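Heads up: the structure comes next, in structure tokens.
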Amino acid sequence: MNPDKPADLLPPVLLIGCGKMGGAMFRGWMAAGISPSVIVDRHTTDIPAPHRVVRSLDEVPQDFSPAAVILAVKPQKIDPILPSLTRISGHPVIISVLAGRTIAGLSKGILSETPAGNAPVIIRAMPNTPAAIGQGMTGYYAPPEASKQQIALCESLLRASGEVIRVDPEFRIDDVTAISGSGPAYVFLLAELLEKAAIKRGLAPEIARVLARKTISGAGALLDQSPEDAADLRRNVTSPGGTTEKALAVFSRPEAWPAIVQEAVDAAAARAAELAI
Ligand SMILES: NC(=O)c1ccc[n+]([C@@H]2O[C@H](COP(=O)([O-])OP(=O)(O)OC[C@H]3O[C@@H](n4cnc5c(N)ncnc54)[C@H](OP(=O)(O)O)[C@@H]3O)[C@@H](O)[C@H]2O)c1
């Protein structure tokens with residue numbers, strides 16, 4: 001046994017697309033410890049050895065047998081890549097993080113030039129951008145033909161960038177997209193609006209900014225570390241007749257947050273379903 005190679009090193013992967021999401025995931029894998037892997041990306045320059053960056057799929061060493069291939073290019077750039085995936089050795093499981101691309105659609109693209117072949121097993125995952133700091137939330141769907149080992153591998157890779165949850169059937173990925181995939185943007189919007197409200201009340205912009213940001217990040221960290229429900233944490237800071245109660249009464253009007261949050265999530269999920277191909 002090689003003493004330089006810890007037993008729990010993640011197996012080698014082929015990452016196709018190392019931009020915002022792929023890069024965040026690969027940084028998580030490097031931090032967790034990953035076997036020498038190959039990245040296909042036109043721009044990336046900051047991945048250290050023993051990993052290797054190539055500029056196109058044709059340059060992937062023929063003797064490289066990854067345990068998994070991670071598809072992380074923009075959805076509109078995947079089609080020319082798909083047929084080449086059958087040439088990768090070792091029958092790797094494919095993990096796609098592409099928004100709106102279904103397993104059926106991806107399989108069809110993979111087999112477009114070799115229709116008589118068997119498409120590799122594809123697992124569909126929806127991460128979010130806090131993955132960049134190891135605080136991601138990823139939902140994934142694995143089809144019935146995925147083996148226990150492939151699912152375990154997928155979970156160990158996704159867990160390197162945060163929490164992982166499995167959903168079923170596949171269309172539930174649209175709900176994951178609407179809640180946790182798009183969710184960080186909802187929270188950032190709240191931070192923006194709080195900051196604007198503080199400025200409107202006369203606070204200096206730099207004070208407004210720090211008050212809003214630290215409130216959101218502190219409340220998020222408390223929620224993360226507390227065993228209590230969000231509703232209990234809210235009640236804990238709401239004294240009867242106090243200031244928080246006054247504000248919450250406005251937010252909680254039936255036509256306000258209870259209706260708007262549901263409407264927003266439903267709109268995102270509907271759009272995800274509409275875009276699915
Ligand atoms: N960002 C998010 O919040 C988020 C959340 C969940 C899922 N996703 C999914 O993650 C995927 C990637 O999104 P992203 O924001 O990380 O995209 P991105 O920043 O554009 O990264 C993709 C990278 O892949 C490169 N690339 C594309 N085709 C290539 C090819 N044939 N050969 C070599 N390099 C190629 C791109 O280069 P070029 O720019 O030159 O094409 C780019 O550097 C998307 O499918 C998205 O749906 C993103």
Side-chain angles (χ1 to χ4, degrees), residues 13-30 37-47 51-61 64 66 68-88 94-103 105-106 109-110 112-113 122-141 154 157-167 170 172-189 265 268-269 271-277:
V13 300
L14 175 66
L15 171 67
I16 305 180
C18 191
K20 288 179 282 298
M21 187 48 67
M25 293 169 81
F26 200 80
R27 277 190 291 283
W29 298 332
M30 285 194 292
S37 292
V38 176
I39 291 170
V40 180
D41 191 278
R42 275 193 273 268
H43 312 281
T44 302
T45 52
D46 60 351
I47 301 293
H51 309 296
R52 193 168 158 189
V53 180
V54 296
R55 298 297 177 213
S56 84
L57 258 179
D58 298 335
E59 294 170 46
V60 174
F64 179 59
V69 176
I70 293 75
L71 306 180
V73 299
K74 293 276 189 215
Q76 63 274 21
K77 298 207 171 167
I78 193 66
D79 291 316
I81 293 171
L82 293 174
S84 311
L85 297 181
T86 50
R87 294 204 301 267
I88 296 162
I94 311 276
I95 302 173
S96 164
V97 302
L98 276 65
R101 297 302 302 256
T102 62
I103 291 177
L106 293 171
I110 292 172
S112 62
E113 285 172 20
I122 303 174
I123 289 177
R124 201 173 150 197
M126 176 49 59
N128 65 8
T129 48
I133 54 162
Q135 298 284 322
M137 178 69 243
T138 303
Y140 78 93
Y141 166 75
C154 168
L157 286 168
L158 297 175
R159 196 163 288 122
S161 52
E163 288 285 326
V164 180
I165 198 137
R166 187 175 177 181
V167 295
E170 185 179 352
R172 289 289 169 210
I173 286 286
D174 296 340
D175 299 318
V176 173
T177 305
I179 301 287
S180 55
S182 303
Y186 314 158
V187 177
F188 299 144
L189 175 63
V265 166
R271 184 65 180 148
E274 224 171 73
L275 292 174
I277 46 169

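For ligands, and for the atoms within them, numbers begin at 1 and follow the listed sequence. Remember, it's a predicted structure, so these values are computed and weren't measured experimentally.
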Is a donor on one side and an acceptor on the other found under 3.5 Å between the side chain of [X] and the backbone of [Y]?
X      : Y      : value
Trp29  : Leu157 : yes
Ser37  : Leu14  : no
Arg101 : Pro75  : yes
Thr177 : Ile173 : yes

Handout entry: More than 12 heavy atoms from other groups under 6.0 Å of CD on Glu170
Key = yes

Does ligand 1 have any N/O pairs with the protein under 3.5 Å, and how far apart?
{"unit_1": "ligand 1", "atom_1": "15 (O)", "unit_2": "Lys74", "atom_2": "NZ", "d": "3.0"}
{"unit_1": "ligand 1", "atom_1": "16 (O)", "unit_2": "Lys20", "atom_2": "N", "d": "3.1"}
{"unit_1": "ligand 1", "atom_1": "16 (O)", "unit_2": "Met21", "atom_2": "N", "d": "2.7"}
{"unit_1": "ligand 1", "atom_1": "19 (O)", "unit_2": "Lys20", "atom_2": "N", "d": "3.1"}
{"unit_1": "ligand 1", "atom_1": "19 (O)", "unit_2": "Lys20", "atom_2": "NZ", "d": "3.3"}
{"unit_1": "ligand 1", "atom_1": "21 (O)", "unit_2": "Gly19", "atom_2": "N", "d": "3.4"}
{"unit_1": "ligand 1", "atom_1": "24 (O)", "unit_2": "Asp41", "atom_2": "OD2", "d": "3.2"}
{"unit_1": "ligand 1", "atom_1": "28 (N)", "unit_2": "Arg42", "atom_2": "NH2", "d": "3.4"}
{"unit_1": "ligand 1", "atom_1": "34 (N)", "unit_2": "Arg42", "atom_2": "N", "d": "3.1"}
{"unit_1": "ligand 1", "atom_1": "37 (O)", "unit_2": "His43", "atom_2": "NE2", "d": "3.2"}
{"unit_1": "ligand 1", "atom_1": "40 (O)", "unit_2": "Arg42", "atom_2": "NE", "d": "3.1"}
{"unit_1": "ligand 1", "atom_1": "40 (O)", "unit_2": "His43", "atom_2": "NE2", "d": "2.6"}
{"unit_1": "ligand 1", "atom_1": "41 (O)", "unit_2": "Arg42", "atom_2": "NH2", "d": "3.0"}
{"unit_1": "ligand 1", "atom_1": "41 (O)", "unit_2": "Lys77", "atom_2": "NZ", "d": "2.6"}
{"unit_1": "ligand 1", "atom_1": "43 (O)", "unit_2": "Asp41", "atom_2": "OD1", "d": "3.3"}
{"unit_1": "ligand 1", "atom_1": "43 (O)", "unit_2": "Asp41", "atom_2": "OD2", "d": "3.0"}
{"unit_1": "ligand 1", "atom_1": "45 (O)", "unit_2": "Val73", "atom_2": "O", "d": "2.6"}
{"unit_1": "ligand 1", "atom_1": "47 (O)", "unit_2": "Ala99", "atom_2": "N", "d": "2.9"}

Handout entry: Residues in side chain to side chain donor-acceptor pair (under 3.5 Å) contact with Arg55, at least two apart in sequence or another chain
Key = none

